Amino acid sequence: MPQPNTLIFVDFPSPDPAAAAKFYGDVFGWVVEGRPDHVFYRIVPGGFFPNPDGSDSEVGNLHMGIFSTALAPPDPNDPPAHGTAAPSGPAPRVYILVGDDDSEEAILERAERNGATVLWRGLYWKEFNGYHGAFRDPWGSVVILWSKGGDAPSPTAEQLAWHASKGYPDVTA
């Protein structure tokens with residue numbers, strides 16, 4: 001059977017990729033490698049997806065990148081093709097699953113301390129049994145943090161009210 005079309009990479013645009021590399025390293029503790037420095041950075045969130053017993057599976061985590069909007073590698077055009085500037089309307093968002101040894105609140109605090117704008121905190125989404133918060137990085141990309149709700153989620157009255165205000169059906173956990 002042929003291989004389906006598969007997402008292999010996501011990268012963040014920045015006019016200052018070195019600063020963006022430092023930002024993401026500081027906020028998430030990720031390994032960020034210059035490939036080459038000041039032009040493109042590979043973000044290596046690290047590790048492999050776990051097996052049910054907690055051991056590493058053969059499936060590695062998706063890597064991400066940061067590209068210079070002035071150069072837009074690997075765009076071969078000189079100057080780079082249009083469409084790599086900050087979005088003026090809806091744009092893709094990147095979701096990050098919060099690790100067991102971190103928290104949404106701690107990540108949002110680090111992001112804000114490093115220049116991000118917090119967009120929302122601690123909302124519960126019953127459809128996917130998870131909590132989420134988000135920030136906009138200093139270069140305009142939106143990152144949504146996702147935390148698993150677990151077997152017995154307990155959303156607060158405020159979280160349930162948010163759902164009701166948006167018209168979502170059956171917002172109780």
Side-chain angles (χ1 to χ4, degrees), residues 6-50 54 56-57 59-75 80 83-125 127-150 153-156 158-159 162:
T6 303
L7 175 67
I8 61 166
F9 205 78
V10 173
D11 58 6
F12 297 98
S14 176
D16 188 349
K22 181 174 179 353
F23 174 86
Y24 281 99
D26 289 349
V27 169
F28 289 104
W30 289 337
V31 173
V32 184
E33 307 165 330
R35 312 259 331 249
D37 283 340
H38 305 287
V39 174
F40 182 84
Y41 290 82
R42 183 174 75 154
I43 301 171
V44 186
F48 293 85
F49 287 104
D56 286 343
S57 74
V59 180
N61 286 328
L62 181 68
H63 293 170
M64 298 181 292
I66 301 166
F67 71 93
S68 168
T69 53
L71 301 172
D75 186 338
T84 58
S88 60
R93 303 178 297 182
V94 176
Y95 284 71
I96 304 296
L97 182 62
V98 175
D100 294 338
D101 60 345
D102 209 345
S103 71
E104 173 190 306
E105 194 55 39
I107 293 169
L108 289 174
E109 188 278 322
R110 291 191 302 268
E112 193 168 42
R113 185 177 62 230
N114 284 283
T117 301
V118 174
L119 302 175
W120 68 81
R121 299 171 187 273
L123 295 178
Y124 178 73
W125 194 333
E127 283 292 317
F128 300 101
N129 187 27
Y131 296 89
H132 56 97
F135 65 84
R136 183 180 317 281
D137 76 14
W139 305 276
S141 294
V142 173
V143 176
I144 299 175
L145 307 172
W146 192 264
S147 301
K148 297 174 189 172
S154 55
T156 66
E158 291 84 11
Q159 291 163 332
W162 175 80

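The first residue in the sequence is number 1, and the count goes up from there. These figures come from a predicted structure and were not determined experimentally.
- Atoms CG and CG, from L145 and D102 in turn, are 9.0 Å apart once rounded to the nearest 0.5 Å.
- Using a 4.5 Å cut-off on side-chain heavy atoms (C-beta onward), S68 and F40 make no contact.
- Interatomic distance, CG of L123 versus CD of Q159, reported as 6.5 Å (0.5 Å rounding).
- Considering only heavy atoms from C-beta on, L108 comes within 4.5 Å of F135 through its side chain.
- A distance of 10.5 Å separates CD of E33 from CD1 of I43, quoted to the nearest 0.5 Å.
- Between V31 and Y24, every side-chain heavy-atom pair lies at or beyond the 4.5 Å cut-off.
- Residues I96 and W30 are in side-chain contact: their nearest non-hydrogen atoms beyond the backbone lie under 4.5 Å apart.
- A donor-acceptor pair shorter than 3.5 Å cannot be found between the side chains of E105 and S103.
- In this structure, OH in Y131 is found 14.5 Å from NZ in K148, a value given to the nearest 0.5 Å.
- Interatomic distance, M64 CE to F28 CZ, rounded to the nearest 0.5 Å: 7.5 Å.
- D137 and A116 get closest at one heavy-atom pair: CA-CB, 4.2 Å.
- In this structure, the side chains of L71 and F67 stay at 4.5 Å or more apart for every pair of heavy atoms.
- The shortest non-hydrogen separation linking N129 to P153 is OD1-CG, 3.2 Å.
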For residues 9-21, run the donor-acceptor check on the side chains, cut-off 3.5 Å, and write out each pair with its distance to 0.1 Å, sequence neighbours left out.
from, atom 1, to, atom 2, distance (Å)
S14, OG, D16, N, 3.0
S14, OG, D16, O, 3.1
S14, OG, W139, NE1, 3.3
D16, OD1, A19, N, 3.2

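- Applying the 6.0 Å contact sphere to CZ of R121 captures more than 12 heavy atoms from other residues, nucleotides or ligands.
- To the nearest 0.5 Å, atom OH of residue Y95 and atom CD1 of residue I144 are 3.5 Å apart.
- Side-chain contact between I107 and E104: absent, with no pair of heavy atoms (C-beta onward) separated by less than 4.5 Å.
- E112 meets the side-chain hydrogen bond (donor to acceptor under 3.5 Å, both in side chains) test with no other residue; sequence neighbours excluded.
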